[in-house]
Amino acid sequence: MLTAPMTTLPASGVLYLHGFNSGYGSPKAALMRAACHALSLPCETPQLPHRPAAALQRAESLLAGLGKHPLLVGSSMGGFLATCLAERHGLPAVLINPAVRPARLVSEWVGESFANEHTGERFTIERAHREELDALTPQRVSPERYLLLLGSADETLDPADAFVLYHGARTVLHPGGDHVFSALEAYLPAILAHGGHRLAPNCRAQG
């Protein structure tokens, strides 16, 4: 189990960013809130807009309320947004099956309609989604900032892409893990340790 934090300064709060078309009510968001509650650690798990630029703006607006040294945690598309913020502000981040080339992924969905089960919102993917993702994509990443949690059986994203982009980052490859990363609860101590906090392994998160 990984326990060494990236920095000697403990995280002053946690910002969790959900994946594409997910939301505040997702199981992973609930687990993060419960784990932070066990540590009396401020935690934000916002409902993000479907447009990438607006989602990043919403996420960034919450950072100031989490103190000087927040920990970023992001899943899938939220992992991409967490990377943008980590590089922009020099913050540590934990990425769960992160989207590595989101503009390429979204380009396959242009014209497709979606409904968000958490909000009831219906929307259609437009070229603007892809263009915004292209504009937001960092030119490079600093691997020492990151802890990667990757599922070896991710049916949506190829974990090899994350290995390449974040080469040198601390990485856990969960055998048989899917894109949802259902084993997240077992890795909560490692996630919080990346932010300099100790969560007892037997501290079950009550969502």
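For residues 187-196, no pair satisfies salt bridge (charged side-chain N to carboxylate O under 4.0 Å, His left out), with sequence neighbours left out. Within the structure, every pair that satisfies the salt bridge (charged side-chain N to carboxylate O under 4.0 Å, His left out) test and touches residues 78-95, not counting sequence neighbours, is listed here: Glu60-Arg88, Glu87-Arg145. The salt bridge (charged side-chain N to carboxylate O under 4.0 Å, His left out) pairs that include a residue from residues 94-110 are Arg101-Asp161, Arg104-Asp161, where partners are two or more places apart or lie in different chains. The salt bridge (charged side-chain N to carboxylate O under 4.0 Å, His left out) pairs that include a residue from residues 16-27 number zero, where partners must be two or more places apart or lie in different chains.
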Going through the checks in order, is the side chain to side chain contact (heavy atoms under 4.5 Å, CB included) test met by Leu136 and Leu56? CA-CA 9 Å; Leu136 293 173; Leu56 188 65; 3.6 Å; yes
Do Arg130 and Ser107 pass the side chain to side chain donor-acceptor pair (under 3.5 Å) test, and can you show the C-alpha distance, the side-chain angles, and the key distance before you say yes or no? CA-CA 6 Å; Arg130 183 183 62 196; Ser107 67; 5.0 Å; no
Test Glu131 against Glu126 for side chain to side chain contact (heavy atoms under 4.5 Å, CB included), laying out the working first. CA-CA 9 Å; Glu131 293 166 357; Glu126 304 170 349; over 6 Å; no
Given Leu149 and Leu95, is the side chain to side chain contact (heavy atoms under 4.5 Å, CB included) satisfied, shown in steps? CA-CA 6 Å; Leu149 300 180; Leu95 310 179; over 6 Å; no
May I have the step-by-step check of side chain to side chain contact (heavy atoms under 4.5 Å, CB included) for Cys43 and His37, ending in yes or no? CA-CA 8 Å; Cys43 180; His37 178 74; over 6 Å; no
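Among all heavy-atom pairs drawn from Pro159 and Gly151, the shortest one is CG-O, 3.7 Å. Across every non-hydrogen atom of Ala55 and Leu48, the tightest pair is O-CD2, 3.7 Å. Contact between Pro10 and Gly196 at its shortest, heavy atoms only, is CB-O, 3.9 Å. Across every non-hydrogen atom of Pro52 and Glu132, the tightest pair is CD-OE1, 3.2 Å. Taking both residues in full, the closest heavy atoms of Leu71 and Ala11 are given as CB-CB, 3.8 Å, listed atom of the first, atom of the second, then distance. Scanning all heavy atoms of the two residues, the minimum distance from Ala115 to Asn21 falls at O-ND2, 3.2 Å.
Once rounded to the nearest 0.5 Å, the distance linking NE2 of His69 with CG of Leu91 reads 9.5 Å. Atoms CG and CZ, from Leu81 and Phe20 in turn, are 12.0 Å apart once rounded to the nearest 0.5 Å. Between the OG1 atom in Thr156 and the CG atom in Leu105 there is a gap of 8.0 Å [rounded to 0.5 Å]. Atoms CG and OH, on Leu72 and Tyr146 in that order, are 8.5 Å from each other to the nearest 0.5 Å. Note that SG of Cys36 is 5.5 Å distant from CG of Leu192, once rounded to the nearest 0.5 Å. Within the model, atoms CD1 of Ile125 and CH2 of Trp109 stand 7.0 Å from one another, a figure rounded to the nearest 0.5 Å.
Two residues are said to be in side-chain contact when any heavy atoms from C-beta on lie closer than 4.5 Å; His18 and Thr45 fail this criterion. Within the 4.5 Å cutoff, side-chain heavy atoms of Ile191 are placed close to those of Val73. Side-chain contact between Leu85 and Leu17 is present, with heavy atoms from C-beta onward closer than 4.5 Å. Side-chain contact between Leu165 and Val141: present, with at least one pair of heavy atoms (C-beta onward) separated by less than 4.5 Å. Residues Tyr166 and Thr171 fail the side-chain proximity criterion, which asks for heavy atoms closer than 4.5 Å. In this structure, Met32 and Leu188 have side chains that are in contact, with non-hydrogen atoms separated by less than 4.5 Å. In this structure the side chain of Phe80 reaches within 4.5 angstrom of the side chain of Pro102, judged on heavy atoms. You'll find the side chain of Ser22 stays beyond 4.5 Å of the side chain of Ser75, heavy atoms only.
Taking the six-membered ring where the residue is Trp, the centroids of Phe114 and His50 are separated by 6.0 Å or more. Within the 6.0 Å centre-distance limit, the rings of His174 and Phe181 are counted as a close aromatic pair.
Under the 4.5 Å side-chain heavy-atom criterion for Ile, Leu, Val, Met, Phe, Trp and Tyr, Leu39 and Leu184 are members of the same hydrophobic cluster. Val172 and Val180 fall into different hydrophobic clusters, where Ile, Leu, Val, Met, Phe, Trp and Tyr residues are linked whenever their side-chain heavy atoms come under 4.5 Å apart, directly or through other members. Hydrophobic cluster membership differs between Tyr24 and Tyr16, with clusters built from Ile, Leu, Val, Met, Phe, Trp and Tyr side chains linked at under 4.5 angstrom.
Evaluation of the side chain to side chain donor-acceptor pair (under 3.5 Å) rule for Ser113 yields Thr124 as partners, not counting sequence neighbours. With sequence neighbours excluded, no residue satisfies side chain to side chain donor-acceptor pair (under 3.5 Å) with Gln47.
For the pair Asn97 (side chain) and Ser76 (backbone), a donor-acceptor distance under 3.5 Å is absent. The backbone N or O of His179 sits less than 3.5 Å from a side-chain atom of Glu155, completing a donor-acceptor pair.
With a 6.0 Å radius and a threshold of 12 heavy atoms from other residues, nucleotides or ligands, Glu121 has its CD atom above the threshold.
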